[in-house]
2 protein chains.
Amino acid sequence: MVKKARGVQRREDSLSRERIIEASIELLDSSGESGLTFRALAERLATGPGAIYWHVENKSDLLSAACDAIVARTMDAPLPSATPREAIRALALGMFDAIDDHPWVGSVLARDPAQLPMVRMLERIGQQIRALDVPDDAQWTTVSALLSYILGVSGQNAANAQIARERDADRSHFLDEVASVWSQLDPDDYPFARSVAKQLRDHDDRADFLAGIDLILLGIESAHGR
Amino acid sequence: MVKKARGVQRREDSLSRERIIEASIELLDSSGESGLTFRALAERLATGPGAIYWHVENKSDLLSAACDAIVARTMDAPLPSATPREAIRALALGMFDAIDDHPWVGSVLARDPAQLPMVRMLERIGQQIRALDVPDDAQWTTVSALLSYILGVSGQNAANAQIARERDADRSHFLDEVASVWSQLDPDDYPFARSVAKQLRDHDDRADFLAGIDLILLGIESAHGR
DNA sequence: ACCTGAACACCGTTCAAGT
DNA sequence: ACCTGAACACCGTTCAAGT
């Protein structure tokens, strides 16, 4: 007869916030953002739609929680790197890859700002910005710029992945199409777009992303003495 | 009896793609993205929901068209500026302000990439990147970084505006709340977030945005000789 | 060619009723 | 305390029928 049972004892297969979020992530990964419906989720969890509302406030809450689970995992990964510069690159790449694996995370992050996932990223990157000797009064602006860039690329990438999924998968084929549209634009109105069409066709999203991070890091260093 | 009427003659108050898009923009501006429904639009245009489908493919098409109208307006504004650097700042600020006025544009841009609005921005900024003497093989990456940053900030700003609208309006009050949450975080886990809470409270979105642009411009210059 | 509006297939969310 | 599932109030989209 234990008065206070250790933790909450519960049937293995009963509902819980964690199980709901886990199932949501699976659904989101396999069928995209439009695949997450309370009915589909209820079916997967062998229950009714109403039951989910006992553990979760609403759909927005559910999406945020799923998103935060991914971001937390990513930002809690250990950083073996030596320099702050390398650490920032690793953190940024970690987010890039996470969103590449879970495109819906990009859309969610672009939609609800200033929430828990944001603080996680801000914190982790901010500590490295400090280590870079950026002056106190410039730290907010600096981290903010890095975060915005990361979110911008992520959102864009997520959207691209979504489109590639909607049409019949082939991403490089899709880029070929866009590049070919660009190269047929009016030369007088769109000289630049035409000229980079080839670079669009051959580009590597991940490498471009990192190049942008390096550009910002260069700017940071050049702005503060060294 | 003119055989070929000049242009398409039509009753002043009849439906047209332009009138539909115009009405959509008004609806989006006044009631946000969730305010744009085919039923609300039909009512505003004194017609039925089905009629709209004669001029517009579907809701996604409608949103893209409304978004492109705003971006086109913004990117076609004349640039009195002298240096490419100033021109880039002006173009970036133009987008920032446009999205500040029409927050839904941020969400749409974050969702469908590589479309017409994107090409407009790419072109306009790209021409200035050229003028900045960035080498040919670095132009795509450079413009891409700037665009991602602009989109990232825009999306974030749009989301903030949406949240401020959902709750009862007051934006600075909302920032106060977030800042106060941050400053109450665990000092061991979130030292950085705590330390910038004050800077968050006092910050100016527009100034921060421009500071980020300057950081990237600094990086660009520092990467290519001068 | 263009418009009408009822109808269809889906949502998120609520809630009385059960255990 | 937790779950069930029918019901409600909405969507986007279609389509036979009108002009």
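Sequence lines set the chain letters: A, B, ... in the order given, protein chains first and strands last, and positions in each chain run from 1. Side chains are part of it too, since the values below use all heavy atoms of this structure and drop only hydrogens, waters and symmetry mates.
Sequence neighbours left out, the pairs with a member in residues 88-97 of chain A that pass side-chain hydrogen bond (donor to acceptor under 3.5 Å, both in side chains) are A:Arg89-A:Asp214, A:Asp97-A:Arg206. Screening residues 100-109 of chain A for side-chain hydrogen bond (donor to acceptor under 3.5 Å, both in side chains) gives A:Asp29-A:His102, A:Asp29-A:Trp104 as the qualifying pairs, with residues at least two apart or on separate chains.
Take B:Arg194 and apply the salt bridge (charged side-chain N to carboxylate O under 4.0 Å, His left out) test, not counting sequence neighbours, and it matches no residue. Residues that satisfy the salt bridge (charged side-chain N to carboxylate O under 4.0 Å, His left out) test with A:Glu22, not counting sequence neighbours, are absent from this structure.
Side chain to side chain, A:Thr74 and A:Arg120 fail the donor-acceptor criterion of an N or O pair below 3.5 Å.
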For this session: Treat a base pair as Watson-Crick or G-U wobble with both distances under 3.5 Å, then lay out DNA chain C in dot-bracket form, 5' to 3', with | for cross-strand pairs.
Result: ||.|||||...|||||.||

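Here the C1' atom of nucleotide C:dA6 and the CD1 atom of B:Ile52 are 16 Å apart, to the nearest Å. Between B:Arg19 atom CZ and C:dC3 atom C1' the separation is 14 Å, expressed in whole Å.
Dashed line: the shortest gap from a side-chain N or O of B:His55 to OP1 or OP2 of C:dA1 is not under 4.0 Å. At the phosphate of C:dC2, OP1 or OP2 sits under 4.0 Å from a side-chain N or O atom of B:Trp54.
With ring centers used as reference points, A:Tyr149 lies 6.0 Å or more from B:Tyr149.
Considering CG of B:Leu27 and CD1 of B:Ile20, their distance stands at 12.5 Å, rounded to 0.5 Å.
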Seminar exercise, completed: Scoring nucleotides 11-16 of chain D by protein non-hydrogen atoms under 4.0 Å (B base, S sugar-phosphate only, - none) yields BBBBB-

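Within the 3.5 Å criterion, the main-chain N or O of A:Ile88 finds no donor-acceptor partner in the side chain of A:Gln128.
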